[in-house]
There are 2 protein chains.
Amino acid sequence: MNQLFVIDKSSPLPIYYQIEESIKRQIEEGELHPHDVLPSEREYAELLEISRMTVRQAINNLVNAGYLYRQKGRGTYVAEKKLEQQLLGLTSFTEEMKARGMMPSSKLLSLELIPANEKIANQLHVTTNTLIYEIIRIRLADNMPMALETAYMSADLLKGLTAEILNHSIYQYVEKHIGLKIGYAKQSFESTIASEVEMASLSIAKHSPILLIQRTTYLEDGRPLEFVKSSYRADRYTFTCTINRH
Amino acid sequence: MNQLFVIDKSSPLPIYYQIEESIKRQIEEGELHPHDVLPSEREYAELLEISRMTVRQAINNLVNAGYLYRQKGRGTYVAEKKLEQQLLGLTSFTEEMKARGMMPSSKLLSLELIPANEKIANQLHVTTNTLIYEIIRIRLADNMPMALETAYMSADLLKGLTAEILNHSIYQYVEKHIGLKIGYAKQSFESTIASEVEMASLSIAKHSPILLIQRTTYLEDGRPLEFVKSSYRADRYTFTCTINRH
DNA sequence: ACCTTTAATTGGTATAGACAACTATAAATA
DNA sequence: TATTTATAGTTGTCTATACCAATTAAAGGT
């Protein structure tokens, strides 16, 4: 029989959340292995002296997050590890490089308020000529140039943007200081050959391959936050992500 | 006041599912617009004569799927459209090209059972030298070569794979005929220059850029199904996807 | 006109129970 | 022995209710 965990009913943390964290911990510490069967929902309810629906809320969340899977009439099982992907999700350059153990930095080439042209206005769901931020930067990891990046951000959502703020993670700034919730991003990938500007900025040779990534980031409520066009040095950068079916 | 829909309590379809479909339909047909507030959970429950918890189950699913967002103390709102991304998700080449209105086809270069080398064995979570399928194909859209693709699939999961099956969507075959559920894929993107083989197979010039995509597809329970390495013609192909925060 | 308090409304958490649909095992039957 | 039938255990769906926490709007007081 499995070791069980304890929950604290008087804690301000919701019970279902405590269960989630406990099961995740058991998986991560190897007390539960892939394809192990979990105690049934009724067992959890009885042993922890809580309602079965509360157990279901916790397990539902873990199933949605990919930690567990269910089979009707049989039981609930531990899914195989998602490797390091667990950490990723949608991340900014700053967050991503830190996760890879590198020190991210930026060289700001330009920070301006400009009127949106038609393409940008369309991406950010604003009317043409609305004032927006244009930010052009060279992105470095461990002081090596990795990408040339041009970002357009809604000035409505990001009032008083400064060069100082740009030195840190913009996603975390938006979430912690402005209090907006980032939801998802739509991203496109293509392969090109370095242009003159990219050759100079990234100090690479003629005909070098470039990974061109365009990303529009949306808040949880669906409003667009930024549109970013990044040219990555293909010799130093591989993009990885996880995509769910349905 | 909103038009309301009706549900059929005697239907074999779960009530929460009927609600989900009805709300999705209202959004898609323009009866509900982005940032519109929905009736409160208690209203839905009263008007449809069902329990509030059932309403919550439906709304939870729609929030997770990105159709709605909630604000405690205020209400539940319609999120902005995710554009065409809605259709995508994780798709096979066949499904993707159809969605883009093109006619997918393949030219099979090789279909063999081979012993897994260390890299492939690692990707598919099998032991070295386990027999696996190796499938090499040229992928075409509207009869134009788009990509050179090498796929490795677990022979355990896909018994009796034939060239005939490969002409259709392998994902749909796995889901409908074998009854396995595809869960997610881990994907990497890099930009390279065409090799001799790729130049010949895709009939492109020297120094042409190639978008190299490597994908490992997993079942819902976390078992790896296939590992695919695809070299796409960069002049004809841009990959797009949506990534969720957390 | 402005501020504070109160009440009403909303989503968030949790309970206790019921029946349905499905799976695996054990018992009964042919 | 082989097949069918019961039975117990599991997740899936749904009900009816209660209270909490955040927000908004109304009422009241200055």
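Chain letters run A, B, ... following the sequence lines, proteins first, then strands; residues in each count from 1.
For B/Y77, the ring pair (Phe, Tyr, Trp, His ring centres under 6.0 Å) partners are B/Y69, not counting sequence neighbours. For A/E220, the salt bridge (charged side-chain N to carboxylate O under 4.0 Å, His left out) test picks out no residue, with sequence neighbours left out. The side chain to side chain contact (heavy atoms under 4.5 Å, CB included) check on B/N117 picks up B/K119, B/I120, with sequence neighbours excluded. The side chain to side chain contact (heavy atoms under 4.5 Å, CB included) check on A/T127 picks up A/T130, with sequence neighbours excluded. Contacts of A/Y173 classified as ring pair (Phe, Tyr, Trp, His ring centres under 6.0 Å), with partners at least two apart in sequence or in another chain: A/H177. In terms of the side chain to side chain contact (heavy atoms under 4.5 Å, CB included) criterion, residue partners of B/T94 (sequence neighbours excluded) are, by chain and number, B/S92, B/K98, B/P104, B/R139, B/S169. Residues forming a side chain to side chain contact (heavy atoms under 4.5 Å, CB included) with A/S188 (at least two apart in sequence, or on another chain): A/Q214, B/T238, B/T240. The ring pair (Phe, Tyr, Trp, His ring centres under 6.0 Å) search around A/F239 returns A/F189, not counting sequence neighbours.
Rounded to a whole Å, the CD atom of B/Q57 is 16 Å from the C1' atom of C/dG12. Whole-Å rounding puts the B/E43 CD to C/dT9 C1' distance at 10 Å. Here the C1' atom of nucleotide C/dG11 and the NZ atom of A/K181 are 11 Å apart, to the nearest Å. Across the protein-nucleic acid pair, B/E41 atom CD and C/dT13 atom P stand 11 Å apart, rounded to whole Å. Between the P atom of C/dT13 and the CZ atom of B/R56 lies a distance of 7 Å, rounded to the nearest Å.
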Protein within reach of the bases, or only the backbone? For nucleotides 20-26 of chain C, mark each nucleotide 5' to 3' as B, S or -, using heavy atoms under 4.0 Å.
-SBSS--
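The side chain of A/S51 places no N or O atom within less than 4.0 Å of a non-bridging phosphate oxygen (OP1 or OP2) of C/dA14.
Under 4.0 Å is where a charged nitrogen must lie from a carboxylate oxygen, and between A/E96 and A/R100 at least one such pair does. Here A/E31 pairs with A/R25 in a salt bridge; the nearest charged N to carboxylate O distance falls below 4.0 Å.
Interface limits on DNA chain D: the 5'-most and 3'-most nucleotides within less than 4.0 Å of chain B heavy atoms are D/dT13 to D/dT24.
For the salt bridge (Lys or Arg N to Asp or Glu O under 4.0 Å) condition, the pairs that include at least one residue of residues 53-73 of chain B, sequence neighbours left out, are B/E41-B/R56, B/E41-B/R70.
Within a heavy-atom distance below 4.0 Å of DNA chain C, no residue of residues 11-19 of chain B is found.
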